[in-house]
Enquirer: 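Let me give you the structure first, and then I'll get to my questions.
By convention in this document, chain letters (A, B, ...) are assigned in the order of the sequence lines, proteins followed by strands, and residues within each chain are numbered from 1.
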There are 2 protein chains.
Amino acid sequence: MVRFVLMHTFTEENYLKTIYHCTLASGSATTNQIAAATNTRAASVTDMLKKLSEKKLINYAKYQGVTLTAEGEKIAIGVIRKHRLWEYFLVEKLDFKWDEVHEVAEELGHISSIELIDRLDKFMGYPKYDPHGDPIPDSNGRFKRQELKPVSGLAVNDTGVVLGVGDHSTAFLQYLEKASLTLGTKLTVIEIIDYDHSVVLQIADKKLNISREVAKNLLVAL
Amino acid sequence: MVRFVLMHTFTEENYLKTIYHCTLASGSATTNQIAAATNTRAASVTDMLKKLSEKKLINYAKYQGVTLTAEGEKIAIGVIRKHRLWEYFLVEKLDFKWDEVHEVAEELGHISSIELIDRLDKFMGYPKYDPHGDPIPDSNGRFKRQELKPVSGLAVNDTGVVLGVGDHSTAFLQYLEKASLTLGTKLTVIEIIDYDHSVVLQIADKKLNISREVAKNLLVAL
DNA sequence: GATAATTTTTAGATAAGTCTAAACTTATGG
DNA sequence: CCATAAGTTTAGACTTATCTAAAAATTATC
């Protein structure tokens with residue numbers, strides 16, 4: 001089979017993507033974080049870090065955690081672009097629900113052809129955001145990060161529009177679906193309960209009480 | 001990751017599909033045929049045949065060639081269904097040419113989700129044939145084989161409509177494209193040259209001379 | 001029907017990615 | 001500021017799918 005000049009395995013791509021996400025989420029990527037995210041053991045991660053380091057895709061010093069090199073980040077963003085475009089396709093064209101797409105997109109996101117993904121992008125009209133509100137990088141890897149705040153960071157009387165989630169788990173997405181807290185929902189903070197930091201929201205003409213946990217993972221634009 | 005009860009690797013699926021195609025094309029599948037088709041060595045094929053045999057997916061006796069069991073055939077047809085539906089998608093929705101889709105579809109055809117493929121099928125309106133005229137099995141694995149004849153089997157004055165190809169190589173497909181011998185083309189055999197068995201065709205108001213090689217791989221319905 | 005040619009299988013090795021268990025670093029808390 | 005906990009790495013082993021080289025079986029040829 002004819003392949004590209006630079007081919008990386010499914011596994012390598014997965015590690016790079018995971019490192020990208022960890023770095024974004026917590027400012028750093030450690031062996032244990034990566035192991036937890038990829039559902040492997042720390043020892044396996046260390047092996048792979050050495051390999052990626054030799055290929056100059058990550059900056060790695062023993063016991064010091066890792067960061068992506070420019071090349072590594074490029075690959076990670078490419079995988080994320082594929083993943084998010086496929087999620088968009090699954091939801092918008094094939095009528096999957098937003099909590100059903102992750103696993104399938106995970107597989108689809110590693111199909112190697114760049115031509116395929118660029119044509120898919122065109123077919124769908126160059127969407128800017130995936131079904132969870134995450135930005136889709138363009139074919140040059142560029143995308144603008146949205147300035148979103150967790151509901152837990154709002155004050156009483158603040159108003160926002162739900163545009164993203166901080167937790168992509170099926171359980172959380174199904175909870176939101178059931179509570180009608182889907183993307184685009186406008187909400188106002190009515191009250192913050194001192195005792196447990198839960199938040200009372202006004203949504204259209206209804207009131208809804210959400211836990212601190214939910215408030216932290218519900219992202220809004222003001 | 002949650003997977004299916006019966007999971008088979010990418011590689012196993014590929015062997016099963018290859019065995020299916022070999023059996024169809026030549027009535028049997030031998031170690032060397034499979035090795036040629038999968039671009040591996042005979043020794044590797046033997047190893048895999050043992051493995052597939054243990055899993056009861058093929059009937060295998062040393063030195064005797066192989067056939068698929070009912071279960072093996074079911075899997076093979078499933079992979080073929082996926083492959084052909086993706087080819088259809090690539091050509092009809094993403095504007096790939098019919099000679100560009102094989103490799104990409106090869107990768108896509110191994111995405112595990114059955115839900116995905118059934119929804120894709122629905123999205124495209126349950127197509128019956130792929131871009132090369134090959135029938136697409138339905139979700140139960142059923143499909144009707146078309147009764148197609150190679151042009152080399154026609155007699156002078158016979159008329160037919162191009163509905164399939166016996167060679168899926170890029171080179172052959174590009175040749176047909178260039179010669180305007182695409183699916184649906186109506187043709188009549190004007191003359192068969194004794195010397196080299198080449199065939200002179202009447203297509204609309206033009207005459208076209210094709211070699212025996214081409215005539216063998218151009219399939220028509222009468 | 002014996003020998004040669006072809007095909008297939010066995011034996012042993014390799015590479016990728018993973019694991020467990022043990023050893024080693026770094027961080028933390030009296 | 002040392003002892004222990006937490007986190008990370010090394011060592012050695014396993015699995016899958018592949019390979020080459022050599023042996024064995026089958027088929028073809030004279």
Enquirer: If you find the nucleotide of DNA chain C closest to B:Tyr60 and the one closest to A:Met48, which residue's nucleotide is nearer the 5' end?
Expert: B:Tyr60

Enquirer: Looking at D:dT8, C:dT10, D:dT18, which one has an atom nearest to any side-chain atom of B:Thr40?
Expert: D:dT18

Enquirer: Which residues satisfy the salt bridge (Lys or Arg N to Asp or Glu O under 4.0 Å) test with B:Asp167, sequence neighbours excluded?
Expert: none

Enquirer: Would you kindly give the CD-to-P distance between B:Glu54 and D:dT16, to the nearest whole Å?
Expert: 11 Å

Enquirer: Where the side chain of A:Tyr15 is defined as all heavy atoms beyond and including C-beta, which of D:dT9, C:dT18, C:dT7 is the nearest nucleotide?
Expert: C:dT18

Enquirer: Output yes when at least one side-chain N/O atom of B:Lys50 is less than 4.0 Å from OP1 or OP2 of C:dT10, else no.
Expert: yes

Enquirer: Output one letter per nucleotide in nucleotides 20-26 of chain C: B when a protein non-hydrogen atom lies under 4.0 Å from the base, S when only the sugar-phosphate is that close, - when neither is.
Expert: BB--BSS

Enquirer: Aromatic rings A:Phe123 and A:Phe89: how do their planes relate, parallel, tilted or perpendicular, breaks at 30° and 60°?
Expert: tilted

Enquirer: What is the distance, to the nearest angstrom, from the CG atom on B:Asn32 to the C1' atom on D:dT27?
Expert: 13 Å

Enquirer: Would you give me the side-chain donor-acceptor pairs under 3.5 Å for residues 140-151 of chain A, sequence neighbours excluded?
Expert:
from: A:Gln146; atom 1: NE2; to: A:Gly133; atom 2: O; distance (Å): 2.8

Enquirer: Is the distance from OP1 or OP2 of C:dT8 to the nearest side-chain N or O of B:Thr30 less than 4.0 Å?
Expert: yes

Enquirer: Among A:His168, A:His132, A:His83, which residue satisfies the ring pair (Phe, Tyr, Trp, His ring centres under 6.0 Å) criterion with A:His102?
Expert: A:His83

Enquirer: Would you mind writing out the side-chain donor-acceptor pairs for residues 29-36 of chain A within the sub-3.5 Å range, not counting sequence neighbours?
Expert:
from: A:Thr30; atom 1: OG1; to: A:Gln33; atom 2: N; distance (Å): 3.2
from: A:Gln33; atom 1: OE1; to: A:Thr30; atom 2: N; distance (Å): 3.1
from: A:Gln33; atom 1: NE2; to: A:Ser26; atom 2: OG; distance (Å): 3.3

Enquirer: Between the protein and nucleotides 12-15 of chain C, which nitrogen or oxygen pairs come in under 3.5 angstrom?
Expert:
none

Enquirer: Without decimals, in angstroms, what is the distance between A:Glu12 CD and C:dA16 P?
Expert: 9 Å

Enquirer: Show me the pairs that pass salt bridge (charged side-chain N to carboxylate O under 4.0 Å, His left out) and involve residues 11-21 of chain B, at least two apart or across chains.
Expert: B:Glu12-B:Lys51, B:Glu12-B:Lys55, B:Lys17-B:Glu106

Enquirer: With B:Asp134, which residues qualify under salt bridge (Lys or Arg N to Asp or Glu O under 4.0 Å), at least two apart?
Expert: none

Enquirer: For a quick check of understanding: with a heavy-atom distance under 4.0 Å over all strands, which category does A:Thr11 fall into, base, sugar-phosphate or nothing?
Expert: sugar-phosphate

Enquirer: Tell me: CG of A:Leu49 to C1' of D:dT9, nearest whole Å?
Expert: 11 Å

Enquirer: Who pairs with A:Gln174 by side-chain hydrogen bond (donor to acceptor under 3.5 Å, both in side chains), at least two apart in sequence or on another chain?
Expert: A:Asp99

Enquirer: Applying salt bridge (charged side-chain N to carboxylate O under 4.0 Å, His left out) as the test, list every pair that has at least one member in residues 123-132 of chain B; sequence neighbours left out.
Expert: B:Arg84-B:Asp130

